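Since we're looking at a predicted model, the values are computed, not measured.
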Protein chains: 2
Amino acid sequence: MSVGIRDVARAAGVSTATVSRALGRGPVSDALREQVEAAVRATGYRPNLSARRLRSQATQTIGLIVADIRNPFFTAVSRAVEDAAYQAGMRVILCNTDEDAEREALYLRLMQEERVTGVIFAPTRTTAQAMRAGDLDFPVVLIDRSGPPGAHDSVVLDNTAASAALVDHLVAQGYARIGGLFGSTSSTAQERRAGYEAAMARHGLEPATRACAPNAAAAEAESVRWLAEGDRPEALIVSNGLMLMGAVRAARALALAVPGALALAGFDNEPWTELLDPGLTVIEQPVAEIGAQAMNLLFDRLKSPDQPVRKVVLSGRPVLRGSTGRR
Amino acid sequence: MSVGIRDVARAAGVSTATVSRALGRGPVSDALREQVEAAVRATGYRPNLSARRLRSQATQTIGLIVADIRNPFFTAVSRAVEDAAYQAGMRVILCNTDEDAEREALYLRLMQEERVTGVIFAPTRTTAQAMRAGDLDFPVVLIDRSGPPGAHDSVVLDNTAASAALVDHLVAQGYARIGGLFGSTSSTAQERRAGYEAAMARHGLEPATRACAPNAAAAEAESVRWLAEGDRPEALIVSNGLMLMGAVRAARALALAVPGALALAGFDNEPWTELLDPGLTVIEQPVAEIGAQAMNLLFDRLKSPDQPVRKVVLSGRPVLRGSTGRR
DNA sequence: CTGAAAGCGCTTACAG
DNA sequence: CTGAAAGCGCTTACAG
């Protein structure tokens with residue numbers, strides 16, 4: 001029923017090989033190329049990509065595995081990845097793991113079956129730790145989170161420095177009892193905590209941290225619990241945009257004025273963080289560049305498979321707003 | 001290099017046909033099935049999906065074509081679609097058109113080359129109007145926007161009623177000079193405008209509308225222009241979540257108190273709309289259900305290709321907040 | 001530059 | 001239930 005390459009060949013009076021070459025970059029005379037193009041138009045022929053992929057052993061497909069596309073950070077990164085991919089003539093398969101190691105394994109298997117060209121992956125700590133170089137049949141670029149040094153290319157934020165910048169700013173603004181709420185599943189959250197702890201120590205301050213699942217609901221619940229206690233912090237640094245939203249809700253629920261009763265700072269410069277009154281102090285991540293750089297690392301790796309493993313570390317940009325006003 | 005079905009067959013001492021059947025739902029004796037499964041484990045075999053798709057003529061793939069995944073409405077819908085798809089053993093190819101008719105055409109062609117099982121599509125008005133039933137080799141389900149009646153299955157919001165509900169609420173709150181800012185590219189924006197106009201007429205009020213590209217920046221610019229005029233409206237209804245954000249920015253830029261100097265209402269119950277002070281009155285869309293219903297329509301269509309075209313109309317839920325407080 | 005032929009890795013009638 | 005064989009729709013050495 002569907003028109004195939006044989007129909008086009010017949011219509012153009014050439015062999016299927018010539019049709020194939022005319023549509024690809026093969027050497028074909030101008031005359032025949034035009035005949036083929038006319039035949040393609042006349043028949044409405046569309047090549048079958050499954051057949052092409054099977055025969056050419058090149059799927060032109062990259063897998064993108066993230067925790068949840070509804071996390072604005074991943075939304076933005078994925079858009080950058082897709083733009084770069086389609087521009088390079090590749091398509092992308094998107095998978096949401098919900099920070100679940102089993103689903104990560106499932107999707108990694110799927111990527112094998114798809115014979116993908118490469119994968120861009122934001123793994124949980126569990127999975128990242130278990131991933132050895134050469135385990136998979138395709139190159140992997142880690143984003144947002146990294147694994148064991150030297151195993152895979154990665155592009156991450158300088159999380160330690162970003163956290164420290166937040167602490168330094170809060171200290172400069174007159175805060176001392178600064179708490180940290182961090183996600184429990186990613187290396188990124190760990191690094192942000194480490195940066196927080198180091199900076200607190202540098203200032204001679206006592207660190208106080210809590211951990212929870214990296215989503216708004218969990219962060220709200222944990223914040224409410226924490227902030228209802230007697231010795232609650234006077235400022236809070238929160239691990240990501242979703243969790244920061246939870247912390248804001250918690251402050252509202254407990255009627256804590258920001259920054260009067262509680263200063264707030266976090267990560268991800270989502271549009272809404274500017275709209276609040278006061279606006280929220282955050283670390284802006286170069287989301288588009290993270291996606292674009294990940295694609296670059298992947299393409300470089302495909303070109304030079306034996307090149308040493310690279311780790312691209314990007315700096316966050318502190319955006320200071322009213323939520324961390326002077327104490 | 002990669003292990004194929006022949007290697008598994010050899011390892012299990014059976015034919016490739018038996019391996020194939022053991023991995024699918026074919027009839028195989030328990031004994032052989034176990035041998036095959038052991039061989040699969042031993043060899044680490046992963047079937048090549050390109051080959052399977054080519055041979056079986058079933059790609060198990062659905063295309064999802066939206067304006068921009070960064071629009072939270074589409075983010076949420078796409079997550080619902082993907083969950084349903086993976087649960088049904090299908091994968092999804094995501095495409096962003098940026099409301100560009102050329103890119104829509106491009107991606108529709110790509111879908112043909114992928115030989116997708118079906119497509120879920122939020123088209124611009126231009127493309128929707130041009131799409132005739134039977135043009136494509138696969139069923140299409142329109143979401144958020146619909147085309148000519150009877151051409152394709154669709155799942156949309158009751159936009160007319162939703163807009164009217166917003167007008168009614170504003171009138172009840174004492175507003176009369178109510179303006180409407182609507183997107184210029186979708187049938188949805190048109191319906192929302194029509195609903196607004198009808199409701200205004202019903203109340204004996206003079207409608208006043210403006211149109212702009214459906215994004216935050218364009219809405220902000222247009223709002224600033226409009227609200228700086230002498231006869232500016234005392235309340236504004238805005239077409240979608242992105243544009244509503246632009247209107248909020250405009251009010252801030254012009255130092256218009258909400259709702260004192262300008263009441264604000266719109267669409268899409270994004271988390272941030274509740275966080276503002278006052279919160280924003282919005283129509284909440286059943287995003288997850290839209291995605292799930294679209295998949296249902298698609299599956300039903302695949303089962304019964306000749307069934308009459310269906311249009312699922314879902315109701316929005318008004319969420320009344322302070323931004324439309326009494327005048 | 002062009003064509004005939006082989007083959008990518010599967011699944012599926014067809015026999016038995 | 002099982003196997004030998006054909007074939008899905010392309011691309012690509014191999015000759016010419």
> Using the C1' atom as the point on both nucleotides, what is the distance between dG16(C) and dT12(C), in whole Å?
16 Å
> Do any pairs count as a salt bridge (Lys or Arg N to Asp or Glu O under 4.0 Å) and have a residue in residues 31-47 of chain A, sequence neighbours left out, and if so which ones?
R46(A)-E113(B)
> So R21(B), base contact, sugar-phosphate only, or nothing? Heavy-atom distance under 4.0 Å.
base
> Starting at the 5' end of DNA chain D, which residue's closest nucleotide do you reach first, A17(B) or R55(B)?
A17(B)
> Please convert DNA chain D into dot-bracket. A pair counts if it is Watson-Crick or G-U wobble with both distances under 3.5 Å; crossing pairs go in [ ] and bases paired with another strand get |.
|||.||||||||.|||
> Under the side-chain hydrogen bond (donor to acceptor under 3.5 Å, both in side chains) test, which residues partner E114(B), sequence neighbours left out?
R53(A)
> Check every nucleotide of DNA chain C for an atom under 4.0 Å from a heavy-atom of chain B, then give the first and the last such nucleotide from 5' to 3'.
dG9(C) to dA13(C)
> Return the set of residues passing side-chain contact (heavy atoms from CB on, under 4.5 Å) with N71(B) (not counting sequence neighbours), or none when no residue passes.
F73(B), F74(B), L242(B)
> According to side-chain hydrogen bond (donor to acceptor under 3.5 Å, both in side chains), who are the partners of Y45(B), at least two apart in sequence or on a separate chain?
none
> Expressed as a whole number of Å, how far does the P atom of dA13(C) sit from that of dG9(C)?
23 Å
> Any chance you could measure L54(A), atom CG, to R115(A), atom CZ, to the nearest 0.5 Å?
10.0 Å
> What pairs with R125(B) under salt bridge (charged side-chain N to carboxylate O under 4.0 Å, His left out), at least two apart in sequence or on another chain?
none
> How long is the straight-line distance from CG of D68(A) back to CG of D98(A), given to the nearest 0.5 Å?
5.5 Å
> Please identify each residue that fulfils salt bridge (charged side-chain N to carboxylate O under 4.0 Å, His left out) with E104(A), with sequence neighbours left out.
none
> Among residues two or more places apart or on two chains, list those pairs meeting side-chain hydrogen bond (donor to acceptor under 3.5 Å, both in side chains) that have a residue in residues 296-309 of chain B.
D153(B)-R301(B), D300(B)-R310(B)
> With sequence neighbours left out, write down each residue that passes side-chain hydrogen bond (donor to acceptor under 3.5 Å, both in side chains) with S50(A), or none if nothing qualifies.
none
> Assign each of R115(B) and S29(B) to its nearest nucleotide of DNA chain D by heavy atoms, then name whichever residue's nucleotide is nearer the 5' end.
S29(B)
> For residues 81-95 of chain A, which side-chain donor-acceptor pairs fall under 3.5 Å, sequence neighbours excluded?
{"from": "E82(A)", "atom 1": "OE1", "to": "N96(B)", "atom 2": "ND2", "distance (Å)": "2.9"}
{"from": "D83(A)", "atom 1": "OD1", "to": "R79(A)", "atom 2": "NH1", "distance (Å)": "2.6"}
{"from": "D83(A)", "atom 1": "OD2", "to": "R79(A)", "atom 2": "NH1", "distance (Å)": "2.8"}
{"from": "Y86(A)", "atom 1": "OH", "to": "L94(B)", "atom 2": "O", "distance (Å)": "2.9"}
{"from": "R91(A)", "atom 1": "NE", "to": "T61(A)", "atom 2": "OG1", "distance (Å)": "2.7"}
{"from": "R91(A)", "atom 1": "NH2", "to": "T61(A)", "atom 2": "OG1", "distance (Å)": "2.4"}

> Which residues in residues 32-53 of chain B have a heavy atom closer than 4.0 Å to any atom of DNA chain D?
L32(B)
